[in-house]
Amino acid sequence: MNILFATSEIAPWVKTGGLGDVAAALPAALRQARQDVRVLVPRYPALAAAFPEARPAAALPSLAPLLPPCRLLAAGADGLPLYLVDCPELYDRPGNPYLDSHGHDWGDNDRRFGLLSRLAALLGQARSPLDWRPDVVHVNDWQTALAPAYLHYEGGAASVVTVHNIAFQGCFPAGLRAGLGLPEAAWRFDGVEYHGQLSFLKAGLQLADQLSTVSPTYAREIQDEAFGYGLAPLLRHRAAALRGILNGIDTAIWNPARDAALDYPYGAARLAAKRGNRRALQEEMGLEVRDDRPIFGVVSRLTQQKGLDLLLTVGHGLPHLPAQLVVLGSGDKAFEAGFTALAAAHPGQVAVTLGFSERLAHRIEAGADIFLMPSRFEPCGLNQMYSLAYGTPPLVRATGGLADTVVDLGEASLAEGSANGFVFADANPHAFWLALERAARTWHDRRTWRRLQQNGMRRDWSWKPAAQAYLQLYRDALAAKR
Ligand code: ADP
Ligand code: GLC
């Protein structure tokens with residue numbers, strides 16, 4: 001099958017979160033399953049630098065009143081073909097793909113992602129300038145979710161939208177409809193209109209042939225008002241076309257036995273070597289080097305979604321548990337200040353690095369004892385799967401993909417060999433604290449701990465099962481189109 005995978009970020013070049021990882025690993029897994037997948041992504045500076053040899057594949061005139069002319073360049077990364085949208089006016093700028101240096105949305109995100117969506121659809125249509133034609137156009141999150149609208153009103157390939165985070169929807173003033181070249185007939189409650197605005201994500205969820213999100217639990221949650229950010233009624237209406245497919249992890253990059261960022265490679269049968277990474281982490285982060293207390297680890301965007309306000313509330317109690325804490329993250333200024341203050345109050349026991357570092361992320365996954373994700377909502381979450389693969393049992397709130405991957409330690413789950421971490425239900429500091437206490441206590445029980453670690457490490461977290469599930473999704477989209 002021919003599949004065009006359209007995305008606003010792709011690791012390792014442009015990554016703000018899990019979508020970047022997915023956009024690199026899922027197409028690769030589908031190619032391994034012998035499907036012809038190609039990725040469409042803006043030519044941000046990092047991609048221009050990574051692929052200087054990219055060659056022109058097509059020149060395109062202005063496709064709508066508000067969209068500048070652009071070129072498509074073709075490049076290849078490790079056997080994964082990429083189409084780079086070359087439009088310097090919109091994409092040639094430094095920094096985050098969505099935000100300016102003050103943390104505000106780029107003022108022209110409507111055009112930046114309007115163009116990306118328009119092109120994703122065009123490449124799936126008879127008038128595409130390329131010889132290669134996808135059967136399915138697979139788009140991800142709001143930035144590409146307008147493509148199914150063009151395909152619906154103009155015809156073309158079957159379409160699939162995957163929701164990685166429903167909190168971001170891409171809503172813009174109504175005038176944008178004509179500016180992006182969508183027909184007047186699209187301005188309906190069952191078209192692209194959403195409370196008087198043009199919503200990219202709503203348009204995709206309304207008009208795509210099939211919908212998915214990144215875990216079975218999140219697929220159910222977003223049909224509920226508490227999680228749907230206004231889109232729950234539409235998703236209930238389209239429930240028959242919606243499914244949850246759990247993400248995988250890239251086991252070539254996240255494998256403790258072959259991780260170049262680690263000083264001491266290890267595996268399920270060689271767990272003793274993990275201790276070297278623990279000591280190295282304590283030294284690197286300026287924690288007291290001692291092995292009489294567990295280290296809790298966090299690698300995260302610092303936002304409300306991630307529930308880290310709960311950690312800030314109870315954080316001062318950690319040294320008394322006793323436990324140590326390492327945090328790597330960046331995001332909301334208030335969270336950054338809160339964690340900086342927590343570290344300053346507990347030198348040697350709490351260490352915080354603000355910023356984005358792949359290398360340190362790997363070293364925390366390996367060096368910490370327990371990985372924390374108290375998320376308010378979590379569509380899938382990749383870090384808990386990385387930590388499961390690294391023998392670092394996760395402590396998570398029961399939501400979304402966390403609920404689908406982490407099995408709480410209990411007598412029954414331990415006996416049947418499924419227990420692999422700690423799960424708490426309510427998003428309040430008390431419930432979180434009880435879980436932290438329970439995990440810290442269990443860590444001192446070496447035998448139980450080893451079983452928890454090995455249960456997590458022995459499960460297959462790779463993309464293989466997900467790739468098969470996406471193939472079925474594509475087949476169903478094709479059938480729905482006919
Ligand atoms: P989300 O996409 O909501 O941020 P995920 O758990 O799906 O959550 O994915 C987050 C990805 O981003 C992981 O690969 C994680 O390691 C990475 N990440 C997040 N913050 C940082 C950071 N400060 N430094 C390095 N990697 C980070
Ligand atoms: C989003 C979600 C995260 C998910 C990722 C990749 O950023 O917040 O839970 O793992 O997308 O699908």
Side-chain angles (χ1 to χ4, degrees), residues 5 7 17-26 29-30 138-142 145 160-168 201 204-205 208 210-229 231-232 235-236 238-251 254 299-301 303 305-307 371-389 393-408 418 420-425 427 456 459-474 476:
F5 187 95
T7 178
L19 173 58
D21 288 342
V22 173
L26 172 57
L30 284 162
H138 181 177
V139 305
N140 296 276
D141 276 352
W142 77 264
V160 170
V161 177
T162 296
V163 176
H164 298 264
N165 191 333
I166 206 159
F168 303 102
L201 186 61
L205 295 179
Q210 287 287 316
L211 315 177
S212 76
T213 185
V214 286
S215 70
T217 295
Y218 195 60
R220 286 191 301 276
E221 286 174 341
I222 54 179
Q223 298 179 51
D224 189 285
E225 315 303 335
F227 289 93
Y229 281 80
L231 291 169
L235 289 167
R236 288 198 295 273
R238 296 221 61 200
L242 169 67
R243 74 192 74 179
I245 301 175
L246 193 70
N247 288 332
I249 69 174
D250 189 331
T251 47
W254 292 97
V299 179
S300 185
R301 291 186 293 117
T303 65
Q305 171 192 343
K306 301 295 179 179
F371 195 88
L372 303 181
M373 291 180 81
S375 305
R376 291 216 147 62
F377 68 94
E378 195 62 76
C380 179
L382 297 172
N383 274 303
Q384 85 280 15
M385 291 193 274
Y386 300 151
S387 61
L388 286 162
L395 186 164
V396 306
R397 202 178 85 71
T399 185
L402 300 176
D404 293 336
T405 50
V406 183
V407 180
D408 188 46
S418 60
N420 60 17
F422 301 88
V423 183
F424 69 102
R459 195 174 133 180
D460 175 12
W461 299 107
S462 80
W463 273 98
K464 258 194 208 140
Q468 291 307 317
Y470 275 100
L471 260 178
Q472 189 57 47
L473 176 69
Y474 301 150
D476 292 345

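The figures here come from the full heavy-atom set of this structure, side chains too, leaving out hydrogens, waters and symmetry mates.
- Here the side chains of Asn247 and Leu382 are in contact, with some heavy-atom distance below 4.5 Å.
- One N or O on the side chain of Asn420 and one on the backbone of Thr405 form a donor-acceptor pair closer than 3.5 Å.
- No donor-acceptor contact under 3.5 angstrom links the side chains of Asn140 and Thr7, judged on distance only.
- Using modelled atom types, one side-chain atom of Ser215 and one backbone atom of Pro379 make a donor-acceptor pair closer than 3.5 Å.
- Across all their heavy atoms, Met385 and Gly248 have their closest contact at CE-O, 4.2 Å.
- Leu388 has its side chain out of reach of Phe371: every pair of non-hydrogen atoms, C-beta onward, lies at least 4.5 Å apart.
- In this structure, the side chain of Glu221 does not engage the main chain of Thr399 through any donor-acceptor pair within 3.5 Å.
- Side-chain contact between Leu211 and Leu235 is present, with heavy atoms from C-beta onward closer than 4.5 Å.
- A heavy-atom distance below 4.5 Å is found between the side chains of Leu473 and Val160.
- Not one N or O on the side chain of Arg301 forms a donor-acceptor pair closer than 3.5 Å with the backbone of Lys306.
- Distance check: Ser375 OG to Asn383 CG gives 9.5 Å after rounding to the nearest 0.5 Å.
- At least one donor-acceptor pair under 3.5 Å links the side chain of Thr213 to the backbone N or O of Val163.
- Listed for the Gln223 side chain is a donor-acceptor partner under 3.5 Å among the backbone atoms of Ala219.
- Asn165 places no side-chain N or O within 3.5 Å of a backbone atom of Asp141 that could act as its donor or acceptor partner.
- A centroid separation of 6.0 Å or more is found between the aromatic rings of Phe5 and Tyr470.
- Legend: residues meeting side chain to side chain contact (heavy atoms under 4.5 Å, CB included) with Arg459, ordered by chain and number and at least two apart, are Leu246, Trp461.
- The aromatic ring centroids of Tyr386 and Trp254 lie less than 6.0 Å from each other.
- Put simply, the side chain of Arg397 gets close to the backbone of Ala425: a donor and an acceptor are under 3.5 Å apart.
- Residues Leu201 and Ile166 have side chains in contact (heavy-atom distance under 4.5 Å, counting atoms from C-beta outward).
- With a 4.5 Å cut-off on side-chain heavy atoms, Phe168 and Tyr229 do not count as touching.
- The main-chain N or O of Cys380 is found under 3.5 Å from a side-chain atom of Gln384 such that the two form a donor-acceptor pair.
- Leu26 is listed as a side-chain neighbour of His138, based on a closest heavy-atom distance under 4.5 Å.
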